[in-house]
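Following: one structure in structure tokens, then a few remarks.
What you are looking at is a predicted structure, and each value in this text was computed from that prediction instead of being measured.
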Amino acid sequence: MLVNKSIDIPYQQLPFKGQFNIASLGMFRNELTDQPHRHDHFQIIWFTKGKGRHMVDFVWYDVDDNMIFLLRPGQVHQLDCEREGYFLYFTEQFYFTNKHDKETLYDFTTLFDNWHGYGPIRISDNATASLQGLIELMSREKNFAPNCSQGIVKHYLNAFLLLAEREKKRNATETMMPLTHDARVVQLRRLLEQHYHCEHQVAFYAAAFALTPKRLNEITKDTTGRTVTELLHDRIVLESKRNLAFSHKSVKEICYELGFEDPAYFSRFFKNNTGISPQDFRDMMFK
């Protein structure tokens, strides 16, 4: 069961300032820590030791030792576990301060994409020592006030993210789900995030790439295993669930906010994609 729906999904305020920080998982708790909440930045949670479960966007995952969860801005999550480890947060503005950064640093946003399905990254013994070393280097530089170098921190973070990506690819290989990459799909993800609530036609997104809808569908199918329509519907359904579970908004209000003109059509759309009506989903969350 989720928390009382008396307020919309809360954004947890962290006790740190700035666009980057790193801390021990055990040092920070408040009234939202173990309740569903979200953040307005990218977050990495590394459970060096863990036992219990972690909910990310309505799916519970078992927590185990040496496991990393990657969270995009706006993702709803809830911790229900014993834990030791670290959490890092940073903004896209911190990482890509200028055009030169975009040309020279790893585009971490691909690491946080979950086109192939969301899941934690299991860290191998070989990678653990390197990741731990980078955590210590980032912490040491961050605490080197007032002479902390943002550039040095970014390059340590860059190395951490690249190692995490390698571990993610290793996980995918072991589960027989090789990951592929296409820069156009990364850009599509950004467009979907900006326009999913008002643009529901594939033609709109295809026009942004000067492609036909058929060709864009072929690209996304090859890279993600899903069509543009399926990716768009997934995003709309997720936002629908967030609003149904964490707000006082009526089904009709949610319908209009997500670009549907007919509440009855929205209800059919939701049921076709989830197997349950919007109202039944809301009731299920608070039994």
(message) For a side chain to side chain donor-acceptor pair (under 3.5 Å) check, start with the C-alpha distance between Asp65 and Thr48, then their side-chain angles and the critical distance, and finish with the verdict.
(response) CA-CA 5 Å; Asp65 295 351; Thr48 55; over 6 Å; no
(request) I would like to know whether Asn126 and Ser124 meet side chain to side chain donor-acceptor pair (under 3.5 Å); could you show each step before the answer? (result) CA-CA 5 Å; Asn126 289 336; Ser124 66; 5.1 Å; no
(request) Apply side-chain contact (heavy atoms from CB on, under 4.5 Å) to Asp57 and Arg242, showing your working. (result) CA-CA 8 Å; Asp57 281 329; Arg242 288 173 176 173; 3.1 Å; yes
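For the side chain to side chain contact (heavy atoms under 4.5 Å, CB included) test with His77, the passing option among His54, Met55, Arg38 is His54; the others fail.
Listed for the Gln194 side chain is no donor-acceptor partner under 3.5 Å among the backbone atoms of Leu191. With Thr220 contributing its side chain and Asn217 its backbone, the two residues share a donor-acceptor pair below 3.5 Å. A donor-acceptor pair under 3.5 Å links the side-chain atoms of Gln75 to the main chain of Arg72, judged by distance alone. Of the possible donor and acceptor atoms, one in the side chain of Arg83 sits under 3.5 Å from a partner among the backbone N and O of Cys81.
Annotation: side chain of Phe94 is in contact with side chain of Gln150 (closest heavy-atom distance under 4.5 Å).
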Side chains of residues 207-216: which donor-acceptor pairs under 3.5 Å do they make with residues two or more places apart or in other chains?
| unit_1 | atom_1 | unit_2 | atom_2 | d |
| --- | --- | --- | --- | --- |
| Thr212 | OG1 | Arg215 | N | 3.1 |
| Arg215 | NH1 | Glu218 | OE1 | 3.2 |

Would you give me the side-chain donor-acceptor pairs under 3.5 Å for residues 261-273, sequence neighbours excluded?
| unit_1 | atom_1 | unit_2 | atom_2 | d |
| --- | --- | --- | --- | --- |
| Asp262 | OD1 | Ala264 | N | 3.0 |
| Ser267 | OG | Pro263 | O | 3.1 |
| Asn272 | ND2 | Arg268 | O | 3.2 |
| Asn273 | ND2 | Phe269 | O | 2.8 |

Show me, pair by pair, the donor-acceptor contacts under 3.5 angstrom made by side chains of residues 154-161, not counting sequence neighbours?
| unit_1 | atom_1 | unit_2 | atom_2 | d |
| --- | --- | --- | --- | --- |
| Lys154 | NZ | Thr97 | OG1 | 3.0 |
| Lys154 | NZ | Asp101 | OD2 | 2.5 |
| His155 | ND1 | Gly151 | O | 2.8 |
| Asn158 | OD1 | Tyr95 | OH | 2.7 |
| Asn158 | OD1 | Tyr106 | N | 3.3 |

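One hydrophobic cluster holds both Ile152 and Leu137 under the rule that ILVMFWY side chains link at heavy-atom gaps under 4.5 Å.
Shown here for Gln43 and Phe112, the closest heavy-atom pair between the two residues is O-CE2, 3.7 Å. Here the shortest heavy-atom pairing between Cys148 and Lys142 reads SG-CA, 3.9 Å. Residues Gly119 and Tyr61 come closest through the heavy atom pair CA-CE2, 4.1 Å.
Between Asp80 and Arg53, at least one side-chain nitrogen of the basic residue sits less than 4.0 Å from a carboxylate oxygen of the acidic one, meeting the salt-bridge criterion. With salt bridges taken as basic N to acidic carboxylate O contacts below 4.0 Å, one links Arg235 and Glu239. Under 4.0 Å is where a charged nitrogen must lie from a carboxylate oxygen, and between Glu167 and Arg122 no such pair does. Ion pairing between a basic and an acidic side chain is recognised when a charged N comes within 4.0 Å of a carboxylate O; Lys51 and Asp64 show no such pairing.
Ring geometry for Phe58 against Phe246 counts as tilted: the plane angle lies between 30° and 60°, on a 0 to 90° scale. Relative ring orientation between His39 and His37 is described as perpendicular, the plane-to-plane angle rising above 60° on a 0-90° scale split at 30° and 60°. In this structure, Phe42 and Phe108 have perpendicular ring planes: the angle between them is above 60°, well past the 30° mark. Using cut-offs of 30° and 60° for the angle between ring planes, the Phe260 and His200 rings count as tilted.
Remark: Arg190 CZ is packed, more than 12 non-hydrogen atoms of other residues, nucleotides or ligands lying under 6.0 Å away.
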